[in-house]
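Atoms within each ligand, like the ligands themselves, are counted from 1 in listed order. Everything numeric here is computed off the predicted structure, so don't read it as measured data.
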Amino acid sequence: MQAEEILKRYYGYSEFRKGQKEIIDSILEGRDTFAIMPTGGGKSLCYQIPAVIMKGLTIVISPLISLMKDQVDSLNSLGISAGVINSSQSINEVKDTIHKAAFGRLKLLYVAPERLEVESFYRLFETLNVSQIAVDEAHCASQWGHDFRGSYRSIAPFIKRFNPRPVVSAFTATATTDVREDVVNLLTLDEPNIFVTGFDRENLSFSVIKNENKEKFILKYLDDNKEKSGIIYASTRKEVDNLCSMLNKKGYSVGKYHAGMSDNEREKSQEEFLYDDIKIMVATNAFGMGIDKSNVRFVIHYNMPKNIEAYYQEAGRAGRDGENGECILLFGPRDTILQKYFIEQTVFNEERKINEYRKLQSMVDYCHTTRCLRKYILEYFGEENIKETCDNCSNCNSDSEIIDITIEAQKIFSCIYRMREKYGVTLIAEVLRGSKNQKVLNLNFDKLSTYAIMKNYTINGIKDLINVLIAEDYLNLTEEEFAVVKLKNKAIDVLKNKLKVTQKVYKKKERIQVDTSLFDMLRDIRKKIAQREAVPPYIVFADTSLKDMSEKIPLNKEEMLNIKGVGEKKFERYGEEFLNVLIEYNNENKIRNFEEIAITQADKEKEDKVPSHIVTLNMYNEGKSLDEISQRRGLKLLTVQDHLMRCGLEGLEVNWDIFIPEKYEKLILEKIQEAATDRLKPIKELLPNEVDYNAIKAVLCKYKSAQ
Ligand code: ADP
């Protein structure tokens, strides 16, 4: 089978996403392949499709048990056989899985990297015919990446054991050049084809909210987005606990996740979130790696994370299904202090410390920049030629106006100059504001000509301005715990009146309300099925599929197979239950009219070359009622009746009684004899009005065939 066919048949998708086809082809050509795609970009499919096509087994090395379980459930639900080996299983369970793989009953086998460190496992694997080794989250191999895992170092010796050597594919969302080189070397990739598909996630919107009461913001946001599922990240366990209990008290269904909870508590919380039993997860950054919950609609950062890599990965957990996702960062000045504290507490190597401070500063700049946030992120990851505006971030979308802040900037720069570029943001702001704080007085800064020249501003207002000027590259902040503000050349030009400084200020836009009742009904049925089958709801269908259904309202199998994410196997399992809801909804609301449905159906039948009346008869023989056939085929009830009638007249077996009202059968027969003709009109005239032509036709046929 071709890759495109598998995509449609198993996954129910009609097009590859950017880069997927090239990556699949490269693996199929037997070339080692390293793919760097953003979170949610669709990496899994890139090794799964070759796994289906190639003879033999694909071993997938993946860092988290929850991720593997998820992927395996998901693959099995698509009709692709997959198994898993992880550290929580008994040796017999493992042997059983290996046995299945040895007999070719599995196409993919997910394995935790820790298992590769155990010699006895090696020997078990040696018995298998392995065609591909796929390494997920490949950046875990590099200590310069942000999730280093020692056990990833055992992948290279593992690969070496196989003869012939399987093709090796590696996938990650983190792509700084040093990590990339490290991964290629550490995994011993053999002259790999490297694909970088671009980091943009167009379906995600980005916002930074500054200087707002964070709790109030969250309450308002949750109130406006009641049905949505999302993650709220906070920096510390304590903050997670507080936020979670506050939201629970307010009646929201919220769970939490952090390293201070027991394994059981964490697992339970995670499962509840995956199964949509709780809508909102409040968590530290311990939560999320490998979570493929596709219908996360928002990721709010209650605190600023430590760097852009971490932010983009966490925020990227929104909208994995390709539907819109909102990524909101609530920034407060305390966040920077906290992150610096973390660096001081955890990083001891000087070189790495400077590196961490540099990364943190880029994160802080993200919070203050007034330019397009998407462009900022993409440039950070080294992309070039990015549009100036994306129209989908808080800086592009806001109703904004550009104001001239040259005077304010000059006041700030001149004050920094007079303070000899030796102090941090807060002290500079205090001097400009005219604070009588002891430190200001001790240093005699109240004698400076720039003392109190911004007394109409608040301290936070001045600090904000300074931060904007840092983000816009007029000022530089040294990379250390107590960072000092320095002037850059651009600032000198401003002081010399050679350059003007502008700032964008904005208001928030109104939200547009949409009707989501059908989507909610589909979601309910999905939840029921998920509970029945003990899988997370998104394994049944992703939000994208439900959204596509609620927009297109498919009313028959063919239409359903055109819905994103609905393949043959999934239709077989769940299609009917969803169709019932859709048909019922359409009956009540009459969204789609018969002509429209009939056209699509007619096209299909032309293709199939099955005469329409025979299709009707087949459906009838499958046990569908006339009403149902009319709905599904988009035909009027009368047409359906005509079809069956025609089948009967052509000599096919039809149960005539369905057309004949029992109480009139005898009367109709009498009147046929009385009229002594086969023509319908004279017979009808002899009968009560409610007896229709079909009833007469049916009695005629039944009577004839009985003769
Ligand atoms: P990641 O790159 O983060 O590992 P996944 O492989 O989990 O991403 O894919 C994210 C989501 O995108 C999944 O729900 C997947 O089914 C969906 N997806 C992948 N490829 C396509 C495609 N070609 N068309 C539509 N959806 C896709």
Quiz item: Between Gly42, Gly316, Ser14, Gly12, which one has a non-hydrogen atom sitting closest to atom 8 (O) of ligand 1?
Solution: Gly42
Quiz item: Has Lys293 got its NZ or CZ under 6.0 Å from the middle of the six-membered ring of Tyr538, at an angle within 45 degrees of the ring axis?
Solution: no
Practice problem: Verify the ring-centre separation between Tyr302 and Tyr233: is it less than 6.0 angstrom? | Solution: no
Quiz prompt | Arg573/Glu568 ion pair, N-O < 4.0 Å | solution = no
Quiz item: Of the backbone atoms (N, CA, C, O) and the side-chain heavy atoms from C-beta on, which set of Gln20 has a member under 4.0 Å from an atom of ligand 1: side chain, backbone, both, or neither?
Solution: side chain
Quiz prompt | Between His258 and Phe287, ring centroids under 6.0 Å | solution = no
Quiz item: Is Arg266 close enough and on-axis enough to Tyr257, meaning under 6.0 Å and within 45°, for cation-pi?
Solution: yes
Quiz item: Counting both backbone and side chain atoms, is some N or O of Asp321 under 3.5 Å from an N or O of ligand 1?
Solution: no
Quiz item: Nearest protein heavy-atom contact for atom 3 (O) of ligand 1: which residue, which atom, what distance?
Solution: Gly40 N, 2.5 Å
Practice problem: Please indicate whether any nitrogen or oxygen in Arg17 is less than 3.5 Å from any nitrogen or oxygen in ligand 1. | Solution: yes
Quiz item: Is the distance between the ring centroids of Phe34 and Phe195 under 6.0 Å?
Solution: no
Quiz item: With a 4.0 Å cut-off on heavy atoms, is Gly41 touching ligand 1?
Solution: yes
Exercise. Run down the list Tyr13, Phe171, Tyr11 and name the one with the heavy atom closest to atom 15 (C) of ligand 1.
Key: Tyr13
Quiz prompt | Subset of ligand 1 atoms that lie under 4.0 Å from at least one heavy atom of Pro38 | solution = 2 (O)
Practice problem: Please state whether Arg320 comes within less than 4.0 angstrom of ligand 1, counting heavy atoms only. | Solution: yes
Quiz item: Listed by chain and number, what are the side-chain hydrogen bond (donor to acceptor under 3.5 Å, both in side chains) partners of Asp32, not counting sequence neighbours?
Solution: Arg165
Quiz item: Is the centre of the Phe158 ring less than 6.0 Å from the centre of the Phe125 ring?
Solution: yes
Quiz prompt | For ligand 1, the portion of Phe16 having any non-hydrogen atom under 4.0 Å away | solution = backbone
Quiz item: Should you measure from each heavy atom of Glu15, which atoms of ligand 1 turn up under 4.0 Å away?
Solution: 22 (C), 23 (N), 24 (N)
Practice problem: Go through ligand 1 atom by atom and flag the ones less than 4.0 Å from a non-hydrogen atom of Ser44. | Solution: 4 (O), 5 (P), 6 (O), 7 (O)
